[in-house]
Trainee: 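Here it is, the structure in full.
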Amino acid sequence: MASLDIDQVRACFPALESGYIYADNAGGSQTTQGVIDRIVDYLSNTNVQLGADYFVGVLSTQRVAEGSFTIAELLNAASVNEVGFGPSSTMIFENIARALDNDIQPGDEFIITDEHEAHNGPWKRLAARRNAVVKYWEPTPVSADNPYSVTYKVEELLPLVSSRTRLAAISACSNVLGSLIPVEKVVKALRQRAKDQGARKVEVSVDCVAYAPHRKMDVQRWDIDYCAFSLYKVYGVHISASYVRSAALQTSITSIAHHFLKVDNDPYKLQPGGPGYELAYATTAVMPYLKSLTPEDDLEASFDAIANYEQELLAPLISFLADAKQVERGVRIVGTSEINLSRVPTVSFVVVGQNAMKSKDIVGAFDRKGDIGIRYGHFYAYSLVDNLRPKLDVDDGVVRISLVHYNTVGEVEKIVEVLREVLA
């Protein structure tokens, strides 16, 4: 299996030249030079309205359309007609939920998680509009020694499925816990349970925002109906992408665009309130970068290499936080403390007990150092943090350190050095 050339990786990101340690990547990654070049190229040479017959208009239209092919490949969609762009994943899921209004019946049941409100809020609002019922698949602890060691268990999901189940909305990766949900396994079990219960129609929506920087997406293999992720967390620009299965386009959703536009004849796939054309074109640089990471020039090989390298980043951080001395100090990892491929290097923790520390104060100590960026808070997974027991201050939330494959083990060791100093 190929490994990453970390020097080659870092050379692709101009922001990394400064030596600043970016450790808030779950909030947004840095951008490759290739993406920056495409934005400049588009704005310099093809910045005109789409659809025109003159030469520059034709070229501009072609460039923007290329972005959809990139998204289809990243998602492994069956057709480019199943993908589109939006200004944010929040807006994409809201648009999908509104487009489903006419296909939801009173008493239909939605199963959602405690994850990011971008993927929960639209379904809760849809349920309120259509008198549907919301059920919650909540994470539970895996360690008796740490009540915050929560994760999602498929055996706790299945009892929520009934004959009235209409939709399940899950996150492929938690942006707080860092844990991965085995989407294919979960969806297969969910659909079988729904079939056994006699459910008339069940669709699955997956939030891939925290997943996409770390693992390869595959909407066909997963057998899902809706999906969104953010390019600005996958080394691109501030734009998001959506997937709607062809069957759902035909039988579930109703267009919320202008009355004279149809999904099938919109080659640009730009949703209402969509992004700038240059951003759609800039996404075409993401795929060449990802494929360049391994000699195979293959997306799956690259993500395998990313996943394995990220374990090297995870090990020193988890090992420090889970050390007996730190546990005695009051450090509790929020999520599991495993160092394996079941999680990504997004690590959250709190400091509780007799010598408790506010998450804000821990991050403040890093801020005063001036050369490492981490964050604290609930990260819009408000329900997840609010439901943790013993109760935490939801606004103070957790300390989150989130790494990606352009971070180095040396950077993690510097983060650990600061943590050791702050927690002493």
Trainee: Does any part of the side chain of T283, heavy atoms only, come nearer than 4.5 Å to the side chain of E66, both counted from C-beta?
Mentor: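 E66 does not reach T283 side chain to side chain.
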Trainee: Mind checking side chain to side chain donor-acceptor pair (under 3.5 Å) for N308 and listing every partner two or more places apart, or none if nothing turns up?
Mentor: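 Testing N308 for side chain to side chain donor-acceptor pair (under 3.5 Å), a comparison that skips the adjacent residues, returns none.
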Trainee: Would you check if V142 and K153 make a side-chain contact, meaning some heavy-atom pair closer than 4.5 Å?
Mentor: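 When only atoms from C-beta onward are counted, K153 and V142 do touch, with a gap below 4.5 Å.
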Trainee: Yes or no on side chain to side chain contact (heavy atoms under 4.5 Å, CB included) for Y42 and V64, after CA distance, side-chain angles and deciding distance?
Mentor: CA-CA 9 Å; Y42 184 91; V64 173; 4.0 Å; yes
Trainee: Between Y289 and F13, what is the ring plane arrangement, given parallel below 30°, perpendicular above 60°, and tilted in between?
Mentor: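 Answer is perpendicular, since the angle exceeds 60°.
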Trainee: Grab the two heavy atoms, one from L419 and one from F349, that are nearest each other, plus how far apart they are.
Mentor: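 Where L419 meets F349 most closely, the heavy atoms are CD2-CZ, 3.7 Å.
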Trainee: How long is the straight-line distance from OH of Y22 back to OG of S29, given to the nearest 0.5 Å?
Mentor: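 So the gap between those two atoms works out to 11.5 Å.
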Trainee: Is Q311 reaching over with its side chain to a backbone N or O of N340, donor-acceptor style, under 3.5 angstrom?
Mentor: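 Pair found, side chain donor or acceptor close to backbone of N340.
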Trainee: In sequence, state the C-alpha distance, the side-chain angles, and the governing distance for F110 and W137, and then conclude on ring-ring contact (aromatic ring centres under 6.0 Å, His included).
Mentor: CA-CA 10 Å; F110 301 161; W137 180 24; over 10 Å; no
Trainee: Report the C-alpha distance between S240 and S230 in whole Å, list the side-chain angles of each, state the deciding distance to 0.1 Å, and finish with yes or no for side-chain hydrogen bond (donor to acceptor under 3.5 Å, both in side chains).
Mentor: CA-CA 4 Å; S240 292; S230 299; 3.2 Å; yes
Trainee: Any side-chain donor-acceptor pair under 3.5 Å between T294 and S302?
Mentor: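 A pair is found: one side chain offers a donor N or O, the other an acceptor, under 3.5 Å apart.
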Trainee: Measure the CD1-CG distance between I92 and D207 for me, rounded to the nearest 0.5 Å.
Mentor: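 It comes to 10.5 Å.
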Trainee: Taking salt bridge (Lys or Arg N to Asp or Glu O under 4.0 Å) as the definition, give me every residue that meets it alongside K201, ordered by chain and number, with sequence neighbours left out.
Mentor: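 Counting only residues at least two positions away or on another chain, K201 forms a salt bridge (Lys or Arg N to Asp or Glu O under 4.0 Å) with D103.
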Trainee: I'd like to know whether CZ of R375 has more than 12 heavy-atom contacts from other residues, nucleotides or ligands below 6.0 angstrom.
Mentor: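 No, the 6.0 Å shell around CZ holds no more than 12 heavy atoms from other groups.
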Trainee: Would you check if the side chain of S319 reaches a backbone N or O of A315 as a donor-acceptor pair within less than 3.5 Å?
Mentor: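 Yes, S319 side chain to A315 backbone: donor-acceptor pair under 3.5 Å.
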Trainee: Salt bridge or not between K188 and E184? Use side-chain N to carboxylate O under 4.0 Å.
Mentor: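 Here K188 does not pair with E184 in a salt bridge, since their nearest N and O are not under 4.0 Å apart.
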Trainee: Are a donor atom and an acceptor atom from the side chains of E203 and Y226 found within less than 3.5 Å of each other?
Mentor: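 There is such a pair (donor and acceptor under 3.5 Å, judged by atom type) between the side chains of E203 and Y226.
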Trainee: Is the number of heavy atoms from other residues, nucleotides or ligands under 6.0 Å of K414 NZ greater than 12?
Mentor: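 Incorrect, the count does not exceed 12.
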Trainee: Anything under 3.5 Å between a donor and an acceptor, one on a side chain of residues 167-175, the other on a protein residue two or more places apart or in another chain? List them.
Mentor:
{"from": "S174", "atom 1": "OG", "to": "E115", "atom 2": "OE1", "distance (Å)": "2.8"}
{"from": "S174", "atom 1": "OG", "to": "E115", "atom 2": "OE2", "distance (Å)": "3.2"}
{"from": "S174", "atom 1": "OG", "to": "V176", "atom 2": "N", "distance (Å)": "3.2"}
{"from": "S174", "atom 1": "OG", "to": "L177", "atom 2": "N", "distance (Å)": "2.9"}
{"from": "N175", "atom 1": "ND2", "to": "F379", "atom 2": "O", "distance (Å)": "3.1"}

Trainee: One pair to check against salt bridge (Lys or Arg N to Asp or Glu O under 4.0 Å): R10 and E17. What are the steps and the verdict?
Mentor: CA-CA 8 Å; R10 290 178 65 84; E17 295 175 4; over 6 Å; no
Trainee: Yes or no on side chain to side chain contact (heavy atoms under 4.5 Å, CB included) for E138 and E156, after CA distance, side-chain angles and deciding distance?
Mentor: CA-CA 8 Å; E138 297 180 328; E156 294 174 352; over 6 Å; no
Trainee: Are I306 and L293 close enough that some pair of their side-chain heavy atoms sits under 4.5 Å apart?
Mentor: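 In contact.
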Trainee: Any side-chain to backbone donor/acceptor pair from S402 onto N25? Under 3.5 Å, distance only.
Mentor: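 Side chain of S402 to backbone of N25: a pair is present.
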Trainee: To the nearest 0.5 Å, how far apart are OH in Y152 and OG1 in T140?
Mentor: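 Separation between the atoms: 10.0 Å.
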Trainee: Test L190 against V154 for side chain to side chain contact (heavy atoms under 4.5 Å, CB included), laying out the working first.
Mentor: CA-CA 9 Å; L190 185 151; V154 66; over 6 Å; no
Trainee: Quick one: does any side-chain atom of S89 pair with a main-chain N or O of A228 as donor and acceptor, under 3.5 Å?
Mentor: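 A pair under 3.5 Å: no.
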Trainee: Heavy atoms, side chains only, cut-off 4.5 Å: are L231 and I71 in contact?
Mentor: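 L231 reaches I71 side chain to side chain.
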Trainee: Please check: side-chain N/O of D24 versus main-chain N/O of G373, any donor-acceptor pairing under 3.5 Å?
Mentor: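 No; judged by distance alone, with no hydrogens or angles, the pair does not exist.
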Trainee: Please determine whether a side-chain nitrogen of the Lys or Arg among R420 and E413 lies less than 4.0 Å from a carboxylate oxygen of the Asp or Glu.
Mentor: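 No.
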Trainee: For the pair E278 and R38, find out whether any cationic side-chain nitrogen is under 4.0 Å from an anionic carboxylate oxygen.
Mentor: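 No, no charged N to carboxylate O under 4.0 Å.
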Trainee: State, with a plain yes or no, whether a side-chain heavy atom of E312 is found less than 4.5 Å away from one of V409.
Mentor: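 Heavy-atom side-chain distance check passes, below 4.5 Å.
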Trainee: What distance separates D218 CG from F303 CZ, expressed to the nearest 0.5 Å?
Mentor: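 If we round to the nearest 0.5 Å, D218:CG and F303:CZ are 12.0 Å apart.
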Trainee: Other residues, nucleotides and ligands only: do more than 12 of their heavy atoms fall within 6.0 Å of CD on E328?
Mentor: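 No, not enclosed.
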Trainee: Looking at L299, is its backbone amide N or carbonyl O close enough to the side chain of K291 to form a donor-acceptor pair, meaning the two atoms are under 3.5 Å apart?
Mentor: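 No; judged by distance alone, with no hydrogens or angles, the pair does not exist.
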Trainee: Are Y281 and D41 close enough that some pair of their side-chain heavy atoms sits under 4.5 Å apart?
Mentor: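 Touching, per the 4.5 Å side-chain cut-off.
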Trainee: With sequence neighbours excluded, tell me which residues meet salt bridge (Lys or Arg N to Asp or Glu O under 4.0 Å) with D101.
Mentor: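 Counting only residues at least two positions away or on another chain, D101 forms a salt bridge (Lys or Arg N to Asp or Glu O under 4.0 Å) with R129.
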Trainee: Quick check on the 6.0 Å ring-centre criterion: do Y136 and W123 meet it?
Mentor: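 Between Y136 and W123, the centre distance exceeds or equals 6.0 Å.
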Trainee: With the side chain counted from C-beta on, respond yes when R221 and N76 share a heavy-atom pair under 4.5 Å apart, and no when they do not.
Mentor: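 Result no, sub-4.5 Å side-chain heavy-atom pair not found.
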Trainee: Would you call the rings of H238 and Y232 parallel, tilted or perpendicular, where under 30° means parallel and over 60° means perpendicular?
Mentor: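 It falls in the parallel class, under 30°.
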Trainee: Between S348 and R400, is there a side-chain donor-acceptor contact under 3.5 Å, judged purely by atom types and distance?
Mentor: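 Their side chains do not contain a donor-acceptor pair, so the 3.5 Å distance test is not met.
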Trainee: Using ring centroids (six-membered ring only for Trp), state whether H405 and Y309 fall under 6.0 Å.
Mentor: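 No, too far apart.
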Trainee: Checking Q197 against S162: is there a side-chain donor and acceptor pair closer than 3.5 Å?
Mentor: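 Q197 and S162 do not have a side-chain donor-acceptor pair below 3.5 Å.
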Trainee: Tell me, with the steps shown, if L392 and D396 meet side chain to side chain contact (heavy atoms under 4.5 Å, CB included).
Mentor: CA-CA 8 Å; L392 299 174; D396 189 54; over 6 Å; no
Trainee: Looking at OG1 of T254 and CG of N102, how far apart are the two atoms once the value is rounded to the nearest 0.5 Å?
Mentor: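 Reported to 0.5 Å precision, the distance equals 4.0 Å.
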Trainee: Would you say Q30's side chain and P14's backbone share a donor-acceptor pair under 3.5 angstrom?
Mentor: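 No: the side chain of Q30 does not pair with the backbone of P14.
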Trainee: Indicate yes or no for a side-chain donor-acceptor contact from T408 to the backbone of E411 under 3.5 Å, with no hydrogens or angles considered.
Mentor: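 Present.
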Trainee: Counting C-beta onward and ignoring hydrogens, is there a side-chain heavy-atom pair between F229 and M217 closer than 4.5 Å?
Mentor: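 Yes, their side chains come closer than 4.5 Å.
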Trainee: Please output the side-chain donor-acceptor pairs of residues 351-359 that fall under 3.5 Å, not counting sequence neighbours, one pair per line with the distance.
Mentor:
{"from": "S359", "atom 1": "OG", "to": "G397", "atom 2": "O", "distance (Å)": "3.0"}

Trainee: Can you list everything that forms a side chain to side chain donor-acceptor pair (under 3.5 Å) with T165? Sequence neighbours excluded, please.
Mentor: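 None.
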Trainee: Within the side chain of R166, is there an N or O that forms a donor-acceptor pair under 3.5 Å with the backbone of D108?
Mentor: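 Flag not set: sc R166 to bb D108 has no pair under 3.5 Å.
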Trainee: Using only atom types and a distance under 3.5 Å, with no angle test, would you say the side chain of R191 pairs donor to acceptor with the backbone of D223?
Mentor: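 Side chain of R191 to backbone of D223, a donor-acceptor pair under 3.5 Å: yes, one is there.
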Trainee: Mind checking the OH-OH spacing from Y235 to Y406? Nearest 0.5 Å is all I need.
Mentor: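 One finds 7.0 Å between OH of Y235 and OH of Y406.
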Trainee: Would you find more than 12 non-hydrogen atoms of other residues, nucleotides or ligands less than 6.0 Å from K360 atom NZ?
Mentor: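 No, the 6.0 Å shell around NZ holds no more than 12 heavy atoms from other groups.
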Trainee: Hey, is NZ on K325 packed in by over 12 heavy atoms from elsewhere, all under 6.0 Å?
Mentor: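 No.
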